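One structure is given below, encoded as structure tokens.
If you're wondering where the values come from, they're calculated on a predicted model, not measured in any experiment. These numbers come from the heavy atoms of this one structure, side chains and all, not from hydrogens, waters or symmetry mates. We name chains A, B, ... by the order of the sequence lines, and we start the count at 1 in each one.
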Protein chains: 4
Amino acid sequence: MSGDADKRADAAEMKLAASPWKPFEARRRERDVKRGAVLRVAVSLFLEQGYDRTSLNEVAERLNITKPALYNYFRSKEEILVECYRLGQEKAMAGIERILAKPDTGLVRLRALIRHYCEVMTLDFGQCLVRVDDHVLSAPARDQVREGKRLIDRYFRDFLTSGIEDGSIKSCDVRLTVFAITGAINWVGHWYRADGEMTAREIGDTYAMQLTGSLAVEKT
Amino acid sequence: MSGDADKRADAAEMKLAASPWKPFEARRRERDVKRGAVLRVAVSLFLEQGYDRTSLNEVAERLNITKPALYNYFRSKEEILVECYRLGQEKAMAGIERILAKPDTGLVRLRALIRHYCEVMTLDFGQCLVRVDDHVLSAPARDQVREGKRLIDRYFRDFLTSGIEDGSIKSCDVRLTVFAITGAINWVGHWYRADGEMTAREIGDTYAMQLTGSLAVEKT
Amino acid sequence: MSGDADKRADAAEMKLAASPWKPFEARRRERDVKRGAVLRVAVSLFLEQGYDRTSLNEVAERLNITKPALYNYFRSKEEILVECYRLGQEKAMAGIERILAKPDTGLVRLRALIRHYCEVMTLDFGQCLVRVDDHVLSAPARDQVREGKRLIDRYFRDFLTSGIEDGSIKSCDVRLTVFAITGAINWVGHWYRADGEMTAREIGDTYAMQLTGSLAVEKT
Amino acid sequence: MSGDADKRADAAEMKLAASPWKPFEARRRERDVKRGAVLRVAVSLFLEQGYDRTSLNEVAERLNITKPALYNYFRSKEEILVECYRLGQEKAMAGIERILAKPDTGLVRLRALIRHYCEVMTLDFGQCLVRVDDHVLSAPARDQVREGKRLIDRYFRDFLTSGIEDGSIKSCDVRLTVFAITGAINWVGHWYRADGEMTAREIGDTYAMQLTGSLAVEKT
DNA sequence: GATGAATGAGGATTCATTCAT
DNA sequence: TATGAATGAATCCTCATTCAT
């Protein structure tokens with residue numbers, strides 16, 4: 001029965017026994033796990049109490065480590081927040097890439113984006129994007145974060161514009177319309193409760209239709 | 001009948017009219033002016049840099065006074081912020097009262113409220129409502145502020161509901177719809193620039209129609 | 001019926017009517033009354049909360065005036081305290097002078113002083129002497145106050161010494177004995193309560209005998 | 001039998017014995033030493049200048065550290081003072097326990113307590129009990145401190161009472177007598193100078209006899 | 001990798017005191 | 001004489017960050 005599997009286990013054991021240093025890969029993995037844990041705890045506290053009111057001590061305490069230990073994973077408190085923002089934007093971008101992967105009318109894409117973004121807004125990292133004021137960041141970090149936000153915003157605009165061009169969406173003031181849509185769905189990040197009556201999916205589906213209701217060109 | 005006594009009374013009245021009251025009134029007026037100036041400077045800095053990043057020193061400096069002088073007008077930094085919130089809410093409520101003053105359908109009222117709220121969102125005190133995270137407040141102050149926010153929200157809900165009842169608005173998920181509308185117009189507070197291409201009025205007019213576009217019952 | 005009384009009233013009225021300035025004497029008297037009121041309120045607060053924890057604002061508030069008004073009667077907070085000390089010492093000295101006025105043995109005088117000092121310790125100004133730490137004073141003021149305390153202490157010592165000389169008191173370590181006596185009666189200032197079970201007089205009578213019990217030369 | 005495994009275990013044990021425990025113990029010890037140093041410096045300054053006039057900066061300066069470093073050892077200035085009080089009370093209680101350890105008449109015990117308490121009054125932490133006004137403490141801290149004072153006072157009362165019961169002390173007004181005794185010896189904390197002519201022991205011996213002179217039942 | 005200790009910077013708040021009115 | 005306003009000084013405390021171990 002035993003065979004390769006056993007051999008591999010043995011090898012692993014020997015390596016472990018032979019050296020107190022875990023294999024390189026494992027160590028990096030472990031490190032990433034811890035980094036992730038810091039971010040999850042941090043973002044949750046930032047949302048709960050605000051960035052400035054959250055001390056690194058509190059973050060560390062919830063992780064059962066000490067404050068300076070955090071500096072093994074992040075260079076500064078600001079870097080932690082920037083990472084939180086980045087993770088939120090990454091989630092958003094992941095969806096956008098999926099949408100871009102297959103050809104569709106602007107309207108369909110816009111609706112898909114709304115649906116996706118609503119789901120992002122139900123995640124801590126997503127809410128971070130709209131609930132933690134980026135004024136707390138230094139100018140360069142703020143610029144970087146805003147650049148990310150602008151990038152996402154541009155897809156809303158692009159999808160709307162291309163929808164008008166391909167005839168799936170009525171002509172309208174693009175800028176104002178995008179603001180209305182993003183405003184409505186950003187707001188989800190403020191009122192959504194995991195234990196509420198609507199799931200992220202339901203909210204997304206509803207808003208996808210409702211927010212584009214008066215934009216869609218009627219199919220005849 | 002009259003005589004010396006009267007004369008003395010007259011003299012007193014004149015003196016009273018001329019002097020002891022005016023100074024008092026003037027004093028109070030001057031005080032209120034200064035209080036107002038503090039609030040205007042403060043809210044502007046809060047929006048610019050965030051509440052926690054704004055020190056009372058900065059506020060005082062811009063007013064050409066010293067930090068402790070602020071304590072003549074406010075008991076604490078928190079009280080300053082609470083007043084800013086209150087002023088924003090007051091502006092909103094003033095419009096609501098005007099709307100309530102004359103009878104109208106729910107749809108008309110809702111549109112009027114959107115228009116009005118958009119204008120509020122172009123004012124510093126209005127933007128304060130949506131751009132300064134109320135987590136910086138102590139629990140009791142926060143409760144008070146949130147109560148005010150809820151009050152305003154309720155009118156959106158009321159107008160929408162009564163619109164459905166009076167037939168001017170189509171049946172819909174009230175809660176979600178109100179969130180969409182308020183989200184969209186709260187967002188104005190984030191992107192509006194006084195030197196932008198659209199006036200407050202134009203934004204309000206556009207949103208009043210656009211955000212209710214798919215809700216309005218078509219007149220036949 | 002009326003007569004002198006009326007005339008006097010008239011005269012008073014005329015003076016008042018004729019000039020807004022009250023007669024000089026009356027003004028000084030009024031001023032002293034107010035000064036006294038300030039001191040009474042102040043000492044009471046000092047005892048209640050400690051000197052440093054008592055702000056002039058509190059003093060003023062209890063008098064229904066404003067803080068700067070106090071500066072009409074005193075040059076500084078310190079002066080207020082110094083006056084309180086002085087009044088306490090004055091009370092003590094008044095008794096001492098009465099004792100010195102009539103010839104008596106050292107023992108009788110010492111007992112009289114104990115009785116008297118116990119009563120002083122039941123007054124606010126008296127308690128001030130032992131309950132308000134004179135460290136709060138500037139060096140010169142402190143020296144002045146301490147000089148006063150030393151003066152009083154010296155009479156305890158003098159009476160004791162002369163009692164030994166005149167044979168009414170047994171020989172003993174004067175310094176230590178005086179410390180024991182003054183310690184015991186100063187302590188009254190800490191525990192005495194006006195609503196307690198013993199009157200100032202009873203405490204004084206008891207201590208006068210008890211504290212000199214082992215000192216008195218038995219009469220045969 | 002044994003071999004490499006054993007050797008490794010031994011090595012581990014030695015390391016454990018030699019290093020991880022010692023550092024820990026040493027750390028804690030060092031920490032306690034520093035905490036103690038803070039308290040000694042603090043109490044000395046409190047006595048010298050009064051609590052409110054002593055800034056944490058001064059305390060830190062005398063220790064050659066910076067102000068915030070103090071917060072590694074104490075949570076607040078108040079906690080420092082409370083600890084000072086506690087140490088003083090601890091000294092007093094230690095003596096009381098020694099007295100309680102062996103059976104004796106009330107008179108003997110009372111005299112022993114007086115002797116002991118006099119010595120406590122020559123220590124900074126002891127003087128702190130009577131020279132630092134506890135009004136500077138917050139209500140809860142004050143209650144705690146006063147509870148400690150009451151505890152000690154009770155032993156004076158108990159010893160006196162039991163002395164009356166066992167016939168070693170004459171009947172007397174217990175409350176007033178205890179006040180006289182404690183007043184006299186608390187006062188030691190105010191006038192004692194380390195460089196004075198009497199040692200703590202001499203003062204204690206003298207007071208132990210003198211303050212109970214008129215109370216003791218004559219042995220026949 | 002993790003810790004305890006220490007630091008420097010900064011901020012809100014209090015308060016005695018002064019001054020123009 | 002009394003007041004409102006303003007000030008400057010001082011204090012406690014918090015916190016991100018660093019460093020030796």
Side-chain angles (χ1 to χ4, degrees), chain A residues 20-22 27 30-31 34 52-60 63-80, chain B residues 19 23-24 26-28 30-31 34 52-60 63-80, chain C residues 20-22 27 30-31 34 52-60 63-80, chain D residues 19 23-24 26-28 30-31 34 52-60 63-80:
Chain A
W21 309 113
K22 293 199 189 136
R27 278 178 60 206
E30 197 181 331
R31 183 185 164 80
K34 292 189 187 170
D52 276 319
R53 318 298 263 214
T54 303
S55 83
L56 289 190
N57 242 335
E58 287 171 291
V59 176
L63 289 162
N64 293 319
I65 59 174
T66 59
K67 186 167 44 167
L70 294 173
Y71 284 82
N72 284 322
Y73 305 101
F74 300 94
R75 266 194 299 276
S76 68
K77 190 184 180 186
E78 183 172 72
E79 190 180 289
I80 295 181
Chain B
S19 85
F24 183 77
R27 279 277 176 117
R28 225 202 32 157
E30 198 184 334
R31 184 185 168 80
K34 291 190 187 167
D52 276 319
R53 318 298 264 212
T54 303
S55 83
L56 289 189
N57 242 336
E58 287 170 291
V59 176
L63 289 161
N64 293 319
I65 58 174
T66 58
K67 186 167 41 167
L70 294 172
Y71 285 82
N72 278 325
Y73 304 100
F74 301 94
R75 269 193 298 275
S76 68
K77 190 182 179 187
E78 182 172 73
E79 191 179 289
I80 295 182
Chain C
W21 309 114
K22 292 195 190 142
R27 278 178 60 206
E30 198 182 330
R31 184 187 163 80
K34 291 189 187 169
D52 276 318
R53 317 298 262 214
T54 303
S55 83
L56 289 190
N57 242 336
E58 287 171 291
V59 176
L63 290 161
N64 294 317
I65 59 173
T66 59
K67 187 166 43 167
L70 294 172
Y71 285 83
N72 284 322
Y73 305 102
F74 301 92
R75 268 194 298 276
S76 68
K77 189 184 180 187
E78 182 171 73
E79 191 179 290
I80 295 181
Chain D
S19 85
F24 183 76
R27 279 276 176 117
R28 224 200 33 156
E30 199 184 334
R31 186 186 167 78
K34 291 190 187 168
D52 275 320
R53 319 298 264 214
T54 303
S55 84
L56 289 190
N57 242 337
E58 288 171 290
V59 176
L63 289 162
N64 294 318
I65 58 174
T66 60
K67 186 167 40 170
L70 295 172
Y71 286 84
N72 277 325
Y73 305 101
F74 302 93
R75 268 193 298 276
S76 68
K77 191 183 179 187
E78 183 173 72
E79 191 179 290
I80 295 182

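- Using N1 to N3 plus N6-O4 or O6-N4 for Watson-Crick, or N1-O2 and O6-N3 for G-U wobble, each under 3.5 Å, F:dT14 pairs with E:dA9.
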Quick tally for nucleotides 16-21 of chain F: nucleotides whose base has a protein heavy atom under 4.0 Å get B, sugar-phosphate-only ones S, the rest -, giving BBBB--
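- If you take CZ of C:Arg53 and P of E:dA16, they are 12 Å apart, rounded to a whole angstrom.
- Phosphate contact (OP1/OP2 of E:dA5, side-chain N/O of D:Asn72, threshold under 4.0 Å): absent.
- At a threshold of 4.5 Å between non-hydrogen side-chain atoms, the residues C:Ile80 and C:Tyr73 do not count as touching.
- If you check F:dA20 for Watson-Crick or wobble pairing at under 3.5 angstrom, you find it paired to E:dT3.
- Atom CG in A:Leu63 sits about 15 Å away from atom C1' in E:dG1, given to the nearest Å.
- The CD-C1' distance, from A:Glu58 to F:dT14, rounds to 11 Å in whole Å.
- The two atoms that bring C:Arg53 and C:Glu58 nearest to each other are O-OE1, 3.4 Å, heavy atoms only.
- Not one side-chain nitrogen or oxygen of B:Arg31 sits closer than 4.0 Å to the OP1 or OP2 atom of F:dG4.
- You'll find the side chain of A:Thr66 stays beyond 4.5 Å of the side chain of A:Asn57, heavy atoms only.
- The CG-P distance, from C:Leu70 to E:dA16, rounds to 10 Å in whole Å.
- Atom CD of B:Glu79 is separated from atom C1' of E:dT13 by 14 Å (rounded to the nearest Å).
- Atom OG of B:Ser76 is separated from atom CG of B:Leu56 by 9.0 Å, given to the nearest 0.5 angstrom.
- Distance, C:Ile80 CD1 to E:dC15 P: 15 Å, rounded to whole Å.
- Checking the phosphate oxygens (OP1, OP2) of E:dG1, no side-chain nitrogen or oxygen of A:Lys34 falls inside 4.0 Å.
- For the OP1/OP2 pair of F:dG4 and a distance below 4.0 Å, the side-chain nitrogens and oxygens of B:Tyr73 include no atom meeting the criterion.
- Remark: C:Lys34 NZ to C:Asn72 CG distance equals 9.0 Å, nearest 0.5 Å.
- Taking atom CZ on B:Phe74 and atom C1' on E:dT13, their separation rounds to 16 Å, with Å as the unit.
- Atom NZ in D:Lys77 sits 5.5 Å away from atom CG in D:Asp52 (nearest 0.5 Å).
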